[in-house]
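Here's the structure, in structure tokens; my notes come after.
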Amino acid sequence: MTNSFDDIPFFDEEPEHAPRKPTAAAAPAAGGGLGIAARAMAARDQSRAPDYLSGLNPEQREAVESIEGPVLVLAGAGTGKTRVLTTRIAHILATGRAFPSQILAVTFTNKAAREMKERIGVLVGGAVEGMPWLGTFHSIGVKLLRRHAELVGLRSDFTILDTDDVIRLIKQLIQAEGLDDKRWPARQFAGMIDTWKNKGLTPKDIPEGDARAFANGKGRELYAAYQARLKSLNACDFGDLLLHPIDIFRRYGDILKDYHQKFRYMLVDEYQDTNTAQYMWLRLLAQRPKDVPQNVCCVGDDDQSIYGWRGAEVDNILRFEKDFPGAKVIRLERNYRSTEHILGAAGHLIAHNEGRLGKTLFTERTSPDDEKVIVHAAWDSEEEARAVGEEIEQLQRNKHNLNDMAILVRASFQMREFEDRFVTLGLNYRVVGGPRFYERLEIRDAMAYFRLVCQPADDLAFERIVNTPKRGLGDTTIRTLHDYARARDVPMLAGAADLIETDELKPKARKALFDVIQSFKRWSELLETTPHTELAEQILEESGYTDMWKNDKSAEAPGRLENLKELIRSMEAFESMRGFLEHVSLVMDAEQNEDMDAVSIMTLHSAKGLEFETVFLPGWEEGLFPHQRALDEGGRSGLEEERRLAYVGITRAKRRCHIWFVSNRRIHGLWQSTMPSRFLDELPAAHVDVAESESSYGGYGRGGYGQSRFDRADPFANSYSTPGWKRAQANKTDATRDNWGSRSGHAVERIGYGESGPRTKTIDGELVAKSVASTPSKFSVGDRVFHIKFGNGNVSSIEGNKLTIDFDKAGQKRVLDGFVEKA
DNA sequence: ATACCGACCTTTTTT
DNA sequence: AGGTCGGTAT
């Protein structure tokens with residue numbers, strides 16, 4: 001959900017119930033089937049297409065106009081997916097097939113929902129206000145749940161807990177069980193619950209093995225206790241926002257039936273990212289009795305499924321035609337974003353995956369000036385950052401906007417080096433998806449105050465701020481109160497009111513607690529009468545919270561006060577405090593200022609859906625990308641997901657894509673010698689250039705890299721000495737065949753890298769194939785060698801061009817032979 | 001209550 | 001290596 005305040009008040013009936021009777025000629029006829037007027041309109045559309053349909057290509061147009069029945073749109077990167085979705089909605093509305101409130105449109109992120117709302121607004125002309133059911137799975141889940149909360153034992157003003165609250169709650173439960181919270185970390189259990197909920201499993205459904213694996217076999221009880229505790233707190237976690245509606249739909253057939261009637265058209269974005277729970281939710285809504293049409297349209301790209309580790313099931317998209325017999329499948333393969341080199345490189349890479357639905361992107365927008373994808377090598381990550389910085393400055397001198405450039409990394413620790421470098425250069429950058437505004441300490445504290453005012457049963461909020469700022473309510477008092485409240489099964493705030501009537505507490509604590517209770521009583525009363533921003537300020541003042549930071553002399557304090565002001569400011573856009581709280585719990589983002597011209601730095605994951613003129617992809621090394629852990633834990637499918645991530649990365653680029661790898665990277669504090677990513681070997685020579693050293697960092701003498709005796713002696717070598725590089729050079733002339741555009745079926749022979757050593761051959765026309773055969777090592781076991789970073793050592797074994805060396809100082813390392821020379 | 005020290009972890013991230 | 005968190009010691 002976005003900042004629309006038409007969603008509040010929650011428990012009011014939806015306005016869409018009012019215009020039941022068709023009022024205009026275009027109104028939908030009841031009970032399926034099109035009314036005559038609607039059909040007439042549709043017919044008219046055939047002959048004279050409305051504006052919004054012009055400019056669509058035939059496939060897009062088909063996807064927009066195939067309104068009735070299940071449709072799967074396989075939309076490759078940059079093929080106009082969002083355009084299809086939004087135009088489709090506009091089309092449904094314009095042809096009068098449904099009211100805005102009868103369309104259910106689901107996205108994964110708030111960003112996507114926001115964008116869709118905007119774009120529909122442009123098409124339809126502002127009437128989007130009336131699309132109450134366009135939003136994320138979670139925001140729609142909240143909406144459903146507010147209406148039917150009592151059916152799952154909640155009140156409709158329930159609170160939504162975030163990850164932090166959940167962990168604190170679980171920790172309490174673990175301690176209450178008398179378990180060692182050290183041995184059984186709450187964080188880990190929260191992760192398990194999340195995984196279970198992603199799969200749609202309630203405590204009774206979880207596998208015995210899972211249940212046993214945690215807390216001496218108490219996993220299941222703990223999960224059940226957690227759910228019970230949520231209920232008593234009148235609270236939900238994120239997973240519940242999906243699971244509770246599923247539960248309601250299953251148990252109350254008449255309610256589900258209502259929604260079947262209500263949602264005439266359903267659209268789902270990024271279908272490849274749905275997890276099992278979301279899938280169940282969708283199926284319940286979309287699979288209807290025979291007499292109700294299944295007008296569901298899912299849009300996705302199996303090649304961009306990168307959230308498997310988070311429970312997404314690519315199978316959902318692969319299975320669509322089975323789930324919805326007679327479904328129409330439409331492929332969008334015409335790309336409007338990238339040059340043919342970029343598409344060629346990406347397409348050839350992704351063709352190495354099996355189990356694809358198979359799409360090949362093409363473009364007609366080619367020019368001889370198009371730059372190929374360029375692969376660069378650097379000695380280490382520092383040099384990588386330096387060189388990328390130089391390229392960016394060069395582009396900047398040629399009048400390119402920083403806003404059109406992005407650095408996409410595999411793991412966030414890679415960002416730091418770039419930030420450091422850009423700070424030195426004075427180059428503007430922005431980190432996308434960094435630490436979130438609403439996760440900051442002071443914001444969470446303030447929010448806890450507001451939450452408790454709105455929802456006095458929110459014990460987590462109570463415990464968070466009861467002694468913040470310090471009021472002399474220490475652990476003992478809280479413990480007493482906690483036990484007292486739990487024994488009576490009342491919320492802590494209510495329990496506190498009773499407790500101060502007794503003499504269980506010391507007078508000092510009693511007085512302090514009394515004051516707290518009085519304050520909250522006062523604020524709660526003001527809630528109905530005072531404007532919420534004013535009340536918020538008052539709360540922070542009267543509680544002493546702002547004073548606490550004013551008196552704090554630490555360096556962060558002024559910033560925190562500034563953030564609090566910002567928090568109040570952002571409340572202004574909302575109608576009520578409750579509405580604001582809900583927004584924050586669902587939308588953890590705070591919008592960034594887009595005004596500044598700056599290079600974006602972000603992870604590959606958060607880059608999905610975005611595009612840039614120029615994209616830099618650093619860190620293409622084995623172990624980092626593909627990430628070792630993805631390989632260890634995910635096996636073959638883990639590797640394929642990494643490859644999709646690489647595909648996503650390349651396809652973000654419109655005109656220029658520069659890939660980097662380094663020979664040495666510091667991981668967990670120690671320098672490791674690294675090997676170029678296997679993905680580099682999977683790029684097609686026809687669309688990829690290998691950068692010449694002089695152009696990118698010539699004259700930069702770094703202790704011999706690029707100038708060693710070894711290099712000069714090597715017939716292949718320019719200044720690049722990595723084998724991957726040499727192989728690239730060597731193959732450049734051989735690989736005359738352009739394999740770009742081949743379907744995935746052309747894979748010839750593949751031997752997994754992970755299990756059985758170096759692969760021998762992959763796909764025709766690749767940069768590189770046979771590392772073992774083509775570059776026999778010039779070293780032998782026992783040779784005394786020198787490595788620039790690790791010093792002297794002895795070769796202990798050789799595998800192709802990879803040497804295992806016992807270094808005198810650095811210990812045993814595996815190193816590519818290009819990096820050592822005979823000592 | 002605060003300060004200091006040691007243990008631990010370190011892919012990706014939404015909601 | 002480095003940052004964070006949690007526990008202990010003052």
Side-chain angles (χ1 to χ4, degrees), chain A residues 1-2 106-113 135-142 145 160-168 171 180-183 185-188 191 194-195 197-198 236-243 269-270 273-275 277-278 281 305-312 408-417 432-436 438-439 441 467-476 554 582-589 602-609 619 623-634 638 641-642 644-646 648-649 665-672:
Chain A
M1 93 159 225
T2 49
V106 198
T107 65
F108 270 80
T109 62
N110 293 296
K111 203 167 76 185
T136 63
F137 275 101
H138 296 268
S139 66
I140 290 169
V142 174
L145 199 50
I160 302 159
L161 302 185
D162 65 32
T163 326
D164 213 75
D165 296 321
V166 167
I167 290 171
R168 283 193 296 141
K171 189 165 182 178
D180 180 3
D181 63 326
K182 203 69 198 222
R183 170 124 193 262
R187 179 174 291 279
Q188 191 193 337
D194 197 53
T195 309
K197 290 193 172 178
N198 282 160
C236 261
D237 63 16
F238 285 121
D240 287 341
L241 298 180
L242 287 169
L243 291 192
D269 193 15
E270 305 278 12
D273 286 334
T274 45
N275 62 37
Q278 288 159 336
W281 187 94
S305 157
I306 54 175
Y307 286 110
W309 53 275
R310 207 170 74 186
L408 311 182
V409 298
R410 175 62 183 87
S412 46
F413 75 83
Q414 293 173 263
M415 293 179 179
R416 213 180 122 177
E417 210 118 28
V432 178
R436 315 255 191 100
Y438 293 117
E439 281 170 4
L441 175 88
N467 199 31
T468 309
K470 303 259 183 290
R471 306 186 168 92
L473 292 166
D475 280 353
T476 26
S554 65
E582 176 157 318
H583 169 83
V584 171
S585 56
L586 290 174
V587 185
M588 295 294 284
D589 272 337
M602 68 187 96
T603 62
L604 287 160
H605 283 91
S606 42
K608 193 164 76 157
L624 176 59
F625 194 32
H627 200 279
Q628 192 56 49
R629 219 161 129 180
L631 262 28
D632 293 346
E633 288 169 16
E641 184 155 310
E642 294 287 292
R644 291 194 291 268
L645 205 46
V648 167
R665 190 173 287 281
R666 194 166 42 192
I667 299 164
H668 309 331
L670 3 129
W671 284 94
Q672 307 253 238

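To find a chain, count down the sequence lines: A is the first, B the second, and so on, and within it residues start at 1. All values below come from the heavy atoms of this structure, side chains included, with hydrogens, waters and symmetry mates left out.
- Nearest-nucleotide positions on DNA chain B for A/N467 and A/D194 put A/N467 closer to the 5' end.
- Partners of A/Q628 under the side-chain contact (heavy atoms from CB on, under 4.5 Å) rule, at least two apart in sequence or in another chain, are A/L631, A/D632.
- When the nucleotides C/dG3, B/dT15, B/dT13 are ranked by their closest atom to the side chain of A/S606, B/dT13 comes out on top.
- Residues satisfying the side-chain contact (heavy atoms from CB on, under 4.5 Å) criterion with A/S585, sequence neighbours excluded, are A/I160.
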Apply side chain to side chain contact (heavy atoms under 4.5 Å, CB included) to the pair A/D273 and A/K608, showing each step before the final yes or no.
CA-CA 12 Å; A/D273 286 334; A/K608 193 164 76 157; 2.4 Å; yes
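- The backbone N or O of A/S305 lies less than 3.5 Å from a partner atom in the side chain of A/R644, making a donor-acceptor pair.
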Filtered N/O pairs between nucleotides 5-11 of chain B and protein, under 3.5 Å:
from, atom 1, to, atom 2, distance (Å)
B/dT11, OP1, A/R629, NH1, 2.2
B/dT11, O4', A/H627, NE2, 3.2
B/dT11, O2, A/R410, NH1, 3.2
B/dT11, O2, A/R410, NH2, 2.3
B/dT11, O4, A/E633, OE1, 3.4

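- Atoms CG (A/L241) and P (B/dT15) sit 12 Å apart, rounded to a whole Å.
- Atom CG of A/D165 and atom C1' of B/dT15 are 14 Å apart (whole Å).
- The ring pair (Phe, Tyr, Trp, His ring centres under 6.0 Å) search around A/F108 returns A/F137, not counting sequence neighbours.
- Checked against ring pair (Phe, Tyr, Trp, His ring centres under 6.0 Å), A/H627 has no partners two or more places apart in sequence or in another chain.
- Taking atom CD of residue A/Q414 and atom P of nucleotide C/dG2, one finds them 18 Å apart after rounding to whole Å.
- Regarding A/F137, its CZ atom lies at a distance of 13 Å from the P atom of B/dT15, rounded to whole Å.
- Straight-line distance from the CD1 atom of A/I167 to the C1' atom of C/dT4: 14 Å, rounded to whole Å.
- With sequence neighbours left out, A/D164 forms a side-chain contact (heavy atoms from CB on, under 4.5 Å) with A/D162, A/R168, A/R444, A/R464.
- A/D164 places its CG atom 15 Å from the P atom of C/dT4, with the value rounded to the nearest Å.
- If you take CD of A/E582 and C1' of B/dT15, they are 12 Å apart, rounded to a whole angstrom.
- As rounded to the nearest Å, B/dT11 and C/dT4 have P atoms that lie 16 Å from one another.
- If you measure from atom CD of A/E641 to atom C1' of B/dT13, you get 12 Å, rounded to the nearest angstrom.
- Taking side-chain N and O atoms only, A/T603 has a distance below 4.0 Å to OP1 or OP2 of B/dT13.
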